[in-house]
Chemist: 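First the structure, which I've put down as structure tokens, then a few questions once you've had a look.
The model shown is predicted, which means the values in this text are computed figures rather than measured ones. Every chain is numbered from 1, with letters handed out A, B, ... down the list of sequences.
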There are 2 protein chains.
Amino acid sequence: MILVVDTHSGIPVYRQLVDQIRFGVASGLLTAGEEIPSTRALSASLGVNPMTISKAFSLLEEDGVLERRPGRPHVVRARPDRATRLEQLEQALRPVATKVRQLDLETDAAITVFRRLLENRKKR
Amino acid sequence: MILVVDTHSGIPVYRQLVDQIRFGVASGLLTAGEEIPSTRALSASLGVNPMTISKAFSLLEEDGVLERRPGRPHVVRARPDRATRLEQLEQALRPVATKVRQLDLETDAAITVFRRLLENRKKR
DNA sequence: GCAACTGTATTACTTGACAAATACACCTCG
DNA sequence: CGAGGTGTATTTGTCAAGTAATACAGTTGC
């Protein structure tokens with residue numbers, strides 16, 4: 001998988017890496033057990049400090065996306081089970097549910113907006 | 001309306017104020033045209049600098065929640081029209097739609113989670 | 001007009017976030 | 001065992017975010 005970063009985008013480098021690796025795993029470009037390039041290899045190819053790469057990896061490890069092995073490169077972890085993924089989605093949706101209430105919008109309207117976004121993305 | 005802040009909560013003071021005022025407006029405790037206590041009054045009662053209060057008010061003003069009047073306290077603005085509120089919800093839902101894809105979850109599962117959250121909150 | 005209020009522009013200070021430099025511990029293979 | 005790789009703990013430096021001090025401009029009521 002090719003990882004790229006734009007240090008002028010205003011988005012922290014580590015966040016760009018997290019996003020790309022997450023996307024790689026979700027899209028099937030990266031499969032369980034597959035090795036991620038080392039912090040030093042990416043540091044050389046992307047021109048950023050290894051600790052910056054390491055930060056991205058640490059976050060992905062905390063989230064269960066990557067697995068760390070002492071002295072060896074990180075590997076992609078088996079995808080969390082469905083229940084865990086649903087729980088993660090719920091965490092992401094909680095503040096939005098609060099927002100729906102703040103905006104005084106009805107449940108069905110909110111559902112419609114969400115569905116439209118989800119289906120638009122599927123079509124792309 | 002009573003506003004409170006906890007300076008040790010780790011949540012920035014201005015953000016606590018923004019959240020409380022938003023909630024006050026959404027819940028009907030604060031109505032359109034109603035005056036918000038002045039930056040100096042809140043500064044005295046909450047023990048924070050007026051500029052911190054002002055920052056909260058500025059954000060709420062940008063978001064169309066409050067209206068500023070030179071030499072006079074802020075007032076609650078008439079609620080944005082429905083289309084604007086729906087647009088705000090869509091902005092909040094966009095990253096979540098991305099997350100659904102990353103988690104490789106189906107639209108219907110995501111909708112179910114969202115609906116459950118919205119209806120749980122309604123019951124409280 | 002002035003006192004007493006209003007909000008905030010500007011500047012300064014403190015704390016948090018981000019990124020990098022350095023050195024340590026671990027692993028694999030010849 | 002040692003060379004060549006692995007990740008990261010720790011510290012440092014820079015920049016961004018959060019907060020405060022000060023003074024200015026605007027409003028209202030007496």
Chemist: Closest approach to the side chain of A/V48, judged atom by atom: which nucleotide of C/dA20, D/dA9, C/dA19 is it?
Modeler: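 So the nucleotide nearest the side chain must be C/dA20.
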Chemist: Measure the distance from CG on B/N49 to C1' on C/dG7 and round it to the nearest whole Å.
Modeler: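 In whole Å, C/dG7 C1' lies 13 Å from B/N49 CG.
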Chemist: So, the side chain of A/R85 versus the backbone of B/L103: is there a donor-acceptor pair under 3.5 Å, distance only?
Modeler: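 Here the side-chain-to-backbone pair exists.
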Chemist: Would you check if the side chain of A/R82 reaches a backbone N or O of A/L86 as a donor-acceptor pair within less than 3.5 Å?
Modeler: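 A pair under 3.5 Å: no.
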Chemist: At 10 degrees resolution, what angle do the end axes of the helix from C/dG1-D/dC30 to C/dG30-D/dC1 form when each is taken over five base pairs?
Modeler: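 Comparing the first five pairs with the last five, the axes sit 10° apart.
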Chemist: Taking atom types as modelled and ignoring hydrogens, do the side chains of B/Q20 and B/Q16 form a donor-acceptor contact shorter than 3.5 angstrom?
Modeler: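 B/Q20 vs B/Q16: no donor-acceptor pair found between side chains.
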Chemist: For the side chain of A/T39, starting at C-beta, report the closest nucleotide among D/dG7, C/dA9, C/dA19.
Modeler: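 When the side chain of A/T39 is considered, D/dG7 is the closest of D/dG7, C/dA9, C/dA19.
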Chemist: Taking only nitrogen or oxygen atoms into account, show me every contact under 3.5 Å that the protein makes with nucleotides 25-30 of chain C, one pair per line with its distance.
Modeler:
none

Chemist: At under 4.0 Å, does any side-chain N or O of B/T52 touch on OP1 or OP2 of D/dG18?
Modeler: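 The answer is no; no side-chain N or O of B/T52 sits under 4.0 Å from OP1 or OP2.
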Chemist: Describe, in one word, how the ring planes of A/F57 and A/H74 are oriented to each other, choosing from parallel (under 30°), tilted (30 to 60°) and perpendicular (over 60°).
Modeler: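 Because their plane-to-plane angle lies in the 30° to 60° range, the rings of A/F57 and A/H74 count as tilted.
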Chemist: Output, in order, the C-alpha distance, side-chain angles, deciding distance and verdict of side chain to side chain contact (heavy atoms under 4.5 Å, CB included) for A/F114 and B/V100.
Modeler: CA-CA 11 Å; A/F114 193 33; B/V100 170; 4.0 Å; yes
Chemist: What's touching nucleotides 10-15 of chain D from the protein side, N or O pairs under 3.5 Å?
Modeler:
none

Chemist: List the residues meeting salt bridge (charged side-chain N to carboxylate O under 4.0 Å, His left out) with A/E61, not counting sequence neighbours, and say none if there are none.
Modeler: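 For A/E61 the salt bridge (charged side-chain N to carboxylate O under 4.0 Å, His left out) partners, ignoring immediate neighbours, are A/R68.
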Chemist: Check whether B/R40 reaches the backbone of B/P50 with its side chain - one donor and one acceptor, N or O, closer than 3.5 Å.
Modeler: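 No; zero donor-acceptor contacts below 3.5 Å.
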Chemist: Would you mind telling me which residue lines up with the more 5' stretch of DNA chain C, A/I11 or B/S58, judged by nearest nucleotide?
Modeler: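 The residue mapped nearer the 5' terminus is B/S58.
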Chemist: Checking all strands, does B/S38 fall into the base, sugar-phosphate, or nothing category for heavy-atom contacts under 4.0 angstrom?
Modeler: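 Result for B/S38 = sugar-phosphate.
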Chemist: Given 3.5 Å as the limit, does a donor-acceptor pair link the side chain of A/E34 with the main chain of A/T31, or not?
Modeler: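 Answer holds: yes.
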Chemist: Output the rounded distance in Å from CD (B/Q16) to C1' (D/dT19).
Modeler: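 So the CD-C1' distance, B/Q16 to D/dT19, works out to 13 Å.
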Chemist: Once you apply a heavy-atom cut-off of 4.0 Å, does B/E61 come out as touching a base, just sugar-phosphate, or nothing?
Modeler: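 Counting heavy atoms under 4.0 Å across all strands, the contact made by B/E61 is with sugar-phosphate only.
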Chemist: By nearest heavy atom, map A/Y14 and B/F57 onto DNA chain C; which one lands nearer the 5' end?
Modeler: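 It is B/F57 whose nearest nucleotide is closer to the 5' end.
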Chemist: Is the distance from OP1 or OP2 of C/dA19 to the nearest side-chain N or O of A/K55 less than 4.0 Å?
Modeler: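 No, because none of the side-chain N or O atoms of A/K55 sits under 4.0 Å from OP1 or OP2 of C/dA19.
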Chemist: Would you check if the side chain of B/T52 reaches a backbone N or O of B/V48 as a donor-acceptor pair within less than 3.5 Å?
Modeler: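 No; judged by distance alone, with no hydrogens or angles, the pair does not exist.
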Chemist: Restricting to nitrogen or oxygen on both sides, can you table the protein-nucleotides 13-16 of chain C pairs closer than 3.5 Å?
Modeler:
none

Chemist: For residues 4-29 of chain B, which residue pairs qualify under salt bridge (Lys or Arg N to Asp or Glu O under 4.0 Å), counting only residues two or more places apart or in two chains?
Modeler: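 For residues 4-29 of chain B, and leaving out neighbouring residues, the salt bridge (Lys or Arg N to Asp or Glu O under 4.0 Å) pairs sorted by first residue read B/R22-B/D63.
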